[in-house]
Amino acid sequence: MISKTYAPQEIEAKWYQYWLDNQFFKSTPDEREPYTIVIPPPNVTGVLHMGHMLNNTIQDVLVRKARMEGKNACWVAGTDHASIATEAKVVAMLAERGISKKDLTRDEFLAYAWEWKEKYGGIILSQLRKIGASCDWDRTRFTMEPVLYDAVIDTFVDLYEKGKIYRGVRMVNWDPQGKTAVSDEEVITKEVQQKLVYIRYAIAGQPNEFITIATVRPETIMADAAIAVNPEDERYKHLHGKKAIIPLIDREIPIITDEYVTMDFGTGCLKVTPAHDPNDYALGIKHNLPVLDILNDDGTLNEKAQILIGQDRFAARKAVIKLLEEAGNLEKAEDYKSNVGFSERTNAVIEPKLSLQWFLKMEELAKPALENVMNDTIQLYPPKFKNMYRSWMENVHDWCISRQLWWGQRIPAFYMQDGTIIVARNKHEALEKVQHEKLLFAMTEADLTQDEDVLDTWFSSWLWPMSVFLPSGDPSDPKAGPNDLDYYYPTNDLVTAPEILFFWVARMIIAGYEYKGEAPFKNVYLTGIVRDKQGRKMSKSLGNSPDPLDLIDQYGADGVRTGMLFSSPAGNDLPFDEKLVEQGRNFSNKIWNAFRLVKGWTLEDAGKEDAGTENGGEREEKADLPLKWFEAKLNATLTQIEDDFSKFRISDALQAIYKLIWDDFCSQYLELIKPAFDTATGTAQPIDRATYEATINFFERLMCLAHPFMPFITEEIWQEIRERKHGESICVAPFPQPGAIDMSILTSFETLFEVISNVRNIRNAKQISPKTALPLSIKTSQPGPFQTLESLIQKMANVSSINYVDEKSGGLSFLIKGDEFFVDIAGEIDVEQELEATRKDLEYQIGFRESTLKKLSNERFVANAKPDVVDRERQKLADAEAKIQALEQRLQDLAL
RNA sequence: GGGAGUUUAGCUCAGCUGGUUCAGAGCAUCUGCCUUACAAGCAGAGGGUCGGGGGUUCGAACCCCUCAACUCCCA
């Protein structure tokens with residue numbers, strides 16, 4: 001006995017193991033067309049969240065469909081090493097053991113990092129199996145494994161040799177507690193209540209004259225290089241070219257003019273401190289101002305500050321205010337809210353700090369990457385992201401690629417004692433270079449020191465679509481063979497979040513053109529962000545994200561997958577609601593029960609040798625129309641789904657499948673062919689073999705169609721619905737292809753369903769039990785089409801008899817096109833109510849006829865509109881006229 | 001400050017090239033049903049000034065202008 005509700009827990013693990021055992025996800029190059037997706041590598045520290053769930057489900061849908069279409073489908077999995085996140089995890093692990101990073105050498109620390117990675121890293125990859133991800137797991141890569149590491153180093157050396165990489169000073173986000181630079185993404189800005197302090201600077205040579213500036217950082221006045229005013233500002237025109245004196249330290253600085261200064265903020269005078277503010281730094285360069293850095297790495301003041309040396313920046317802030325007050329230079333202090341950056345890791349206030357970093361020149365590299373997105377060689381879905389992409393690529397900044405961390409690819413730059421930089425793949429090659437190019441043969445490796453920094457993690461993931469296909473050199477290693485890069489590159493589709501369109505996608509495109517002369521992928525599908533009901537981004541810290549694995553336990557992987565995709569058009573955010581996965585689960589259950597129904601049927605000729613003759617032939621004819629209709633409906637839907645997929649309308653494709661299965665297959669088709677229940681025997685009547693076979697065939701095709709979305713339940717049913725050999729699977733069954741659509745049967749069934757629906761409506765409105773059969777009369781000039789549908793109408797609408805009449809008949813009526821239908825319900829008719837309804841309908845129809853007539857009598861419409869549009873208008877007019885005539889007749893009849 | 005996007009039913013969203021009885025779907029709501037596959041279900045119903053205003057057009061949810069609200073990106 002098959003369970004009444006679908007129980008995914010019992011099924012999912014079984015089939016996933018079966019797929020692995022039979023290597024359905026494995027891909028090696030062959031003569032078939034490849035279909036390739038590389039996974040956006042999640043952090044090795046990551047655990048599965050709702051965003052991954054959405055993103056990877058979409059990838060799985062695409063890959064599974066391609067696999068069923070006979071392509072050599074290859075979905076490469078892997079993780080990236082996530083320098084900062086991983087270092088944080090390792091530092092935490094060490095802290096638990098009472099070890100401090102300070103006390104370790106680089107090599108010791110890295111040994112712990114690998115230990116952490118082996119133990120806890122990549123949990124997410126095993127979680128992906130729970131959602132059914134059909135990755136070729138043998139190909140799983142990691143950005144720090146030797147081959148990928150070397151690729152990063154080679155790339156650095158190559159770009160350096162091409163003159164694209166340079167070392168320069170830049171303002172970075174400095175975390176004085178962690179003593180490292182952090183990227184913009186690791187800075188959390190919060191609004192903070194501060195004091196805006198107004199400070200008077202004396203004008204040099206004019207003891208009684210002052211200029212007042214407003215600042216939230218009074219402790220940095222000692223690093224001031226200038227005071228800037230807007231050149232248009234009348235208040236300060238007399239001071240142009242003069243000098244001001246920094247209070248407390250009495251240093252002279254120039255008063256400069258720049259349009260950058262906002263006249264109505266503060267006093268309209270801006271102190272310029274190039275070493276401690278990014279905007280000021282830019283101003284400093286523009287006006288050639290000196291850079292004076294008064295802070296140590298830990299946020300304390302250094303000797304260049306002249307006063308308060310050794311004090312922390314916040315203590316110094318208070319102290320400076322006090323000193324200014326005493327000196328009479330403090331005009332006032334007012335409350336002021338502003339945004340302050342905090343380190344995601346240490347929560348320390350970020351200090352803009354100048355430091356020596358490595359940069360990649362982007363302008364030239366970005367050109368082909370911009371051009372080929374704008375000309376659609378690479379297509380973004382949805383295309384609205386092209387605008388954003390362009391504005392970024394046209395204003396691209398040089399990429400700061402160094403990070404002050406240990407976990408990552410160490411920058412292959414070696415310094416000679418005099419500071420000369422040698423870039424080479426390793427120390428040995430660096431030494432060779434020194435010896436050959438500089439003829440310094442006495443030099444030894446000990447005379448070279450390697451740069452302490454590592455490369456930005458994106459500097460390895462930008463190579464991902466290429467590096468994952470690099471062979472390891474070991475022929476027994478299944479990761480990648482010697483020809484894999486040629487075979488799989490360029491990949492087909494990339495599925496990722498718009499947030500990293502610049503950080504990652506653009507850079508992959510750049511690397512692709514630089515190293516392969518070709519884009520890394522053809523299509524980029526950008527998913528939305530999964531949000532909670534209040535529209536907040538789901539995050540661990542807010543605790544507003546359900547655990548996807550819990551959801552899978554509750555609703556089944558198929559339920560969660562479809563639930564997520566029901567409402568996720570490309571690029572739009574997905575407001576998550578558990579109702580969605582509930583709907584997904586209900587869909588699974590619906591399919592399951594349809595399967596139970598079909599499985600429960602007994603064959604009419606069971607046990608007989610000569611199947612499907614005589615008696616069977618007659619029934620076959622009866623079911624003939626529903627079969628033809630569903631075939632047509634299936635073909636129409638398949639055509640539409642192909643179109644949806646071609647435009648990456650994944651959600652639309654799913655909804656089409658949902659409706660096809662639930663509404664068309666279950667509610668209509670199955671009900672039409674369902675054998676009657678025999679109350680005498682207490683069993684369902686048997687079904688003829690032809691109908692049964694056709695139904696099984698439909699079911700099988702529907703399962704194949706739904707498989708990319710719902711891999712588990714479709715496999716379970718596919719395996720049960722026919723006898724299968726071991727090693728067969730729906731994973732590699734052919735994806736249904738659309739055939740010709742029989743439009744005429746679709747049209748005639750539309751009428752059929754309309755009749756059924758109208759009869760049911762009358763029954764409902766009059767509160768008549770569905771068990772009571774009602775008589776139906778049809779007033780039509782063409783009874784033919786209805787006669788062929790009679791048995792279906794009777795079955796679906798519970799109609800006792802069908803008569804064709806010339807005159808009006810008793811009872812309630814409804815109109816379809818020009819034909820009038822009567823359901824005779826004795827004593828149930830409220831003539832007034834009927835008159836009212838009929839008048840209303842008539843009024844609407846007349847209005848409708850008017851608007852159609854207006855269109856058709858407009859010469860410009862007939863002349864300008866496409867012929868089929870005009871034809872449709874004429875058809876509408878004809879239908880309306882027939883209806884009006886029937887309604888008028890009806891009014892007369894009722895009035896009698 | 002610069003740029004982009006969004007605004008359609010109570011909620012979440014479709015509406016693709018301006019033209020079908022085009023104002024849709026799902027959820028939610030309401031009514032009636034435990035009808036021998038499914039109450040995680042079945043059969044029905046109600047619900048909208050397409051953000052406001054103006055314009056182009058034979059015809060506008062769709063194109064243009066303008067105003068408003070919200071969101072994101074860059075600074």
Side-chain angles (χ1 to χ4, degrees), chain A residues 2-6 184 260 262 278-279 282 382 384-392 395 397 498-499 501-502 529 531 533 535 555-556 559 566-569 571-577 579-580 582-601 643-644 647 649 651-652 655-656 658-659 662-663 666-667 670-671 674 676-679 682-684 756-771 796-798 817 844-845 848 851-852 854-866 868-873 875-876 879-880 883:
Chain A
I2 312 171
S3 152
K4 196 171 164 179
T5 46
Y6 172 59
D184 291 345
Y260 169 76
T262 317
N279 297 319
K384 67 176 177 187
F385 285 107
K386 274 168 83 174
N387 282 333
M388 256 168 72
Y389 183 87
R390 180 177 55 205
S391 70
W392 190 73
N395 304 294
H397 302 297
E499 301 163 286
L501 184 59
F502 311 139
I529 296 164
R531 297 181 180 277
K533 276 189 211 165
Y555 297 100
F566 273 136
S567 180
S568 53
N572 278 6
D573 287 357
L574 167 66
F576 182 77
D577 187 336
K579 281 271 178 224
L580 287 170
E582 199 181 311
Q583 200 189 340
R585 176 202 56 183
N586 294 353
F587 186 36
S588 302
N589 198 47
K590 185 71 185 179
I591 295 173
W592 184 251
N593 276 290
F595 171 61
R596 284 214 307 147
L597 172 69
V598 174
K599 265 316 222 196
W601 284 339
D643 185 55
D644 287 338
K647 294 169 183 157
R649 293 169 163 267
S651 196
D652 288 0
Q655 277 181 38
Y658 182 84
K659 280 186 189 164
W662 199 308
D663 299 345
C666 293
S667 298
L670 288 179
E671 293 297 335
K674 190 160 128 183
F677 187 78
D678 191 337
T679 33
T683 52
I756 293 166
S757 169
N758 271 291
V759 175
R760 284 172 174 174
N761 191 4
I762 286 173
R763 193 192 306 277
N764 244 314
K766 297 298 166 195
Q767 312 263 318
I768 300 164
S769 161
K771 285 174 186 158
M796 297 287 277
N798 195 14
K817 300 267 164 62
Y844 173 82
Q845 294 299 338
F848 182 76
S851 77
T852 323
K854 212 172 121 191
K855 272 190 205 175
L856 283 168
S857 57
N858 184 326
E859 279 172 34
R860 292 162 82 178
F861 170 72
V862 181
N864 294 336
K866 282 179 231 155
D868 59 318
V869 174
V870 179
D871 284 349
R872 264 182 258 146
E873 254 358 88
Q875 186 57 49
K876 281 196 266 177
D879 289 350
K883 263 197 172 175

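First the proteins, then the strands, lettered A, B, ... as listed; each starts at 1. Atoms considered below: every heavy atom in the structure, side chains included; atoms not considered: hydrogens, waters and symmetry mates.
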Q. Taking the side chain from A:Arg760 and the backbone from A:Pro770, do they hold a donor-acceptor pair closer than 3.5 Å?
A. no
Q | Protein-nucleotide distance (A:Leu580, atom CG; B:A40, atom C1'), rounded to Å | A | 15 Å
Q | Protein-to-nucleotide contact annotation, 5' to 3' order, nucleotides 25-30 of chain B [B base; S sugar-phosphate only; - none; under 4.0 Å, heavy atom] | A | SSSS--
Q) Can you give the dot-bracket line for RNA chain B, using ( ) for pairs inside the strand, [ ] for pairs that cross earlier ones, | for pairs with another strand and . for unpaired bases, where Watson-Crick and G-U count if both distances are under 3.5 Å? A) (((((((..((((.....[....)))).(((((.......))))).....(((((..]....)))))))))))).
Q: Answer whether the closest heavy-atom distance between the side chains of A:Val598 and A:Leu670 falls below 4.5 Å.
A: yes
Q. Counting any heavy atom closer than 4.0 Å, what does A:Lys647 reach on the DNA or RNA strands: base, sugar-phosphate only, or nothing?
A. base
Using atom names, set out every protein N or O paired with an N or O of nucleotides 41-44 of chain B below 3.5 Å, distance rounded to 0.1 Å.
| residue | atom | partner | partner atom | Å |
| --- | --- | --- | --- | --- |
| B:G41 | OP1 | A:Asn586 | ND2 | 3.3 |
| B:G41 | O3' | A:Lys590 | NZ | 3.3 |
| B:C42 | OP1 | A:Lys590 | NZ | 2.7 |
| B:C42 | OP1 | A:Trp662 | NE1 | 2.7 |
| B:A43 | O3' | A:Arg760 | NH1 | 3.2 |
| B:A43 | O2' | A:Asn764 | ND2 | 3.4 |
| B:A43 | N3 | A:Asn764 | ND2 | 3.3 |
| B:G44 | OP1 | A:Arg760 | NH1 | 3.3 |
| B:G44 | O4' | A:Asn764 | ND2 | 3.3 |
| B:G44 | O2' | A:Asn761 | OD1 | 3.2 |

Q: Tell me, please, which residues at least two apart from A:Phe595 pass ring pair (Phe, Tyr, Trp, His ring centres under 6.0 Å).
A: A:Trp592
Is there any protein nitrogen or oxygen under 3.5 Å from a nitrogen or oxygen in nucleotides 1-10 of chain B, and what are the pairs?
none

Q: Specify the separation, in whole Å, of atom CZ of A:Arg585 and atom P of B:A39.
A: 12 Å
**Q.** Between P of B:C16 and CG of A:Asp652, the distance in whole Å
**A.** 11 Å
Q) How would you label the contact of A:Glu499 with the nucleic acid (heavy atoms, under 4.0 Å): base, sugar-phosphate, or nothing? A) nothing
Q: For A:Trp392, enumerate each residue passing the ring pair (Phe, Tyr, Trp, His ring centres under 6.0 Å) test, keeping only those at least two apart in sequence or located in another chain.
A: A:Phe502
Q: Without swapping roles, check the side chain of A:Asn589 against the backbone of A:Thr5 for a donor-acceptor pair under 3.5 Å.
A: no
